[in-house]
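Here is the structure we will look at.
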Amino acid sequence: MIVAGAWREASETQVLMAALLGAGHQALFVGGCVRNAIIGLPVSDIDIATDAHPEVVTKIATDAGFRVVPTGLDHGTVTVIVGGVAHEVTTLRRDVQTDGRYAVVAYSTSIAQDAARRDFTMNALYAQADGTLIDPLGGLPDLIARQVRFVGDATKRIEEDYLRILRFFRFHAIYGDPDRGIDPDGLSACAANLAGLDTLSRERVGAEMKKLLSAHDPAPALAAMEQSGVLAQVLPGASARAMPILVHLEEGCPRGWLCRLAVIGGQNALERLRLSRAEVSAHDHIRVGISSGSAPVALGWIHGATLAGDIVHARAALFETALPADWLADASRGAAAEFPVMADDLMPALQGAALGVRLRELQEKWLRSDLRLTRDQLLA
């Protein structure tokens with residue numbers, strides 16, 4: 001099979017491949033770029049496997065005129081900047097020791113050994129420079145069937161890195177066939193290794209959950225996570241019940257992972273996922289807005305059109321109601337509106353705290369009027 005894809009046809013990428021091959025080394029595209037090219041999805045990351053050691057790759061790439069960044073020398077990886085695009089070049093490896101978070105690796109010259117240490121069969125696909133596919137573990141049939149399966153023994157793969165539990169559900173959300181369902185052996189192994197999730201850093205868990213919640217339709221994967229106990233382990237108190245409703249309301253236009261996180265809830269979700277201050281602020285606005293009862297036009301003025309849309313969708317999903325008629329136009333109108341009363345309009349009769357109280361009263365009155373009251377009507 002010949003794998004098509006602009007990533008392998010780019011002239012500068014081929015210069016790098018030719019430089020490695022010309023020096024007598026193996027050079028193979030591997031992982032996501034091969035997987036996505038086969039099924040026609042965009043390729044965002046280009047990974048290259050080689051039997052050349054990092055210092056050798058660095059010299060070959062530098063001599064070929066490329067800039068090299070030593071991003072992961074402990075794991076045999078250097079990043080080569082090719083045409084402004086980062087190409088991760090990693091030496092073929094085998095695992096020597098793992099502890100559920102980090103691995104000690106040894107270099108190898110065997111594609112089979114390198115494939116055996118990967119997480120899922122659909123990620124253990126390699127392609128030569130001309131696009132010829134190499135499939136040492138039979139991952140191609142799984143990819144075509146959209147079946148996410150662990151390489152070899154699922155429990156062993158998970159024990160090597162417990163983040164693979166979350167990756168399993170994330171890959172099912174993106175690449176899995178919802179009609180076929182999730183792989184039962186993988187699901188059972190994830191359920192049996194829940195405690196390992198507690199050994200992971202919150203940053204790693206948060207990053208993986210963001211990706212999962214950003215999938216086109218994460219509802220089936222989240223339901224499987226809840227069934228297996230993984231969701232409760234990551235976010236105690238979270239529920240996937242409203243997610244199918246939210247995805248249906250979105251009509252193919254995802255609101256974003258923060259809106260979806262607000263819908264599934266969970267205790268201490270923000271700290272458990274180690275969100276940034278801006279993310280915490282946006283999430284809090286959505287959660288408060290859900291219970292506020294404010295109309296879309298008011299939400300637009302208070303939060304802006306985007307957050308207002310998140311609140312409207314989250315509220316409808318959680319309360320199992322239809323979206324308000326003309327919510328988008330109302331939210332946009334609210335976001336563009338300007339409160340017609342200025343502080344100067346109330347001075348000098350009011351000063352200090354009394355001035356602030358009166359301004360807030362007038363704002364609430366204006367919001368209740370659907371933003372229709374004029375300055376003169378509010379001051380009358």
Tell me, do [X] and [Y] make a side-chain contact under 4.5 Å, heavy atoms counted?
X    : Y    : answer
I38  : I144 : yes
F29  : M17  : yes
T91  : D114 : no
V82  : I46  : no
L231 : F169 : no
C190 : I158 : yes
R93  : H75  : yes
Y126 : V34  : no

Are [X] and [Y] in one and the same hydrophobic cluster, where Ile, Leu, Val, Met, Phe, Trp and Tyr link if side-chain heavy atoms are under 4.5 Å apart?
X    : Y    : value
L299 : L323 : yes
W366 : V357 : no
I286 : I245 : yes
L212 : V234 : yes

Any donor-acceptor N/O pair, [X] side chain to [Y] backbone, under 3.5 Å:
X    : Y    : result
S188 : D185 : no
N268 : R272 : no
T50  : Q26  : yes
T121 : V151 : no
D326 : A329 : no
N36  : P42  : yes

Can you name the nearest heavy-atom pair linking [X] to [Y], along with the distance?
X    : Y    : answer
L246 : A314 : CD1-N, 4.4 Å
E279 : W257 : OE2-CZ2, 3.5 Å
P218 : A215 : CD-O, 3.6 Å

Intermediate values then yes/no, side chain to side chain contact (heavy atoms under 4.5 Å, CB included), R170 and E208: CA-CA 8 Å; R170 194 246 296 183; E208 199 61 38; 2.6 Å; yes

Verdict with supporting geometry, R333 and D370, salt bridge (charged side-chain N to carboxylate O under 4.0 Å, His left out): CA-CA 10 Å; R333 176 167 63 88; D370 197 39; 3.0 Å; yes

Salt bridge (charged side-chain N to carboxylate O under 4.0 Å, His left out) between E159 and K156, worked out: CA-CA 5 Å; E159 289 175 346; K156 289 181 179 179; over 6 Å; no

Salt bridge (charged side-chain N to carboxylate O under 4.0 Å, His left out) partners of R167, counting only residues at least two apart: D119

Sequence neighbours excluded - salt bridge (charged side-chain N to carboxylate O under 4.0 Å, His left out) pairs with any residue from residues 221-242: R241-E320

Which residues share a side chain to side chain contact (heavy atoms under 4.5 Å, CB included) with H285, sequence neighbours left out: S281, H303, L307

For A23, all residues meeting side chain to side chain contact (heavy atoms under 4.5 Å, CB included), sequence neighbours excluded: H25, I60

L28/V30 under side chain to side chain contact (heavy atoms under 4.5 Å, CB included): CA gap, chis, key distance, verdict: CA-CA 6 Å; L28 301 160; V30 63; 5.6 Å; no

Those residues that, when tested against S239, pass side-chain hydrogen bond (donor to acceptor under 3.5 Å, both in side chains) (two or more places apart): none

Criterion salt bridge (charged side-chain N to carboxylate O under 4.0 Å, His left out) on R255 and E250, from CA distance to verdict: CA-CA 7 Å; R255 293 303 312 174; E250 293 171 350; over 6 Å; no

Audit row: I264, M225, side chain to side chain contact (heavy atoms under 4.5 Å, CB included) steps and yes/no: CA-CA 12 Å; I264 65 174; M225 288 179 69; over 6 Å; no

Whether over 12 other heavy atoms sit under 6.0 Å from H248 NE2: no

Between T374 and D376, a side-chain donor and acceptor under 3.5 Å: no

Geometric class of the H313/W327 ring pair [parallel <30°, tilted 30-60°, perpendicular >60°]: perpendicular

Salt-bridge criterion met for R157 and E160 (N-O under 4.0 Å): yes

From CA spacing to verdict: side chain to side chain contact (heavy atoms under 4.5 Å, CB included), L143, I39: CA-CA 8 Å; L143 177 61; I39 58 178; 3.7 Å; yes

Within residues 338-356 or reaching into it, pairs that qualify as side-chain hydrogen bond (donor to acceptor under 3.5 Å, both in side chains) - sequence neighbours excluded: D345-R375

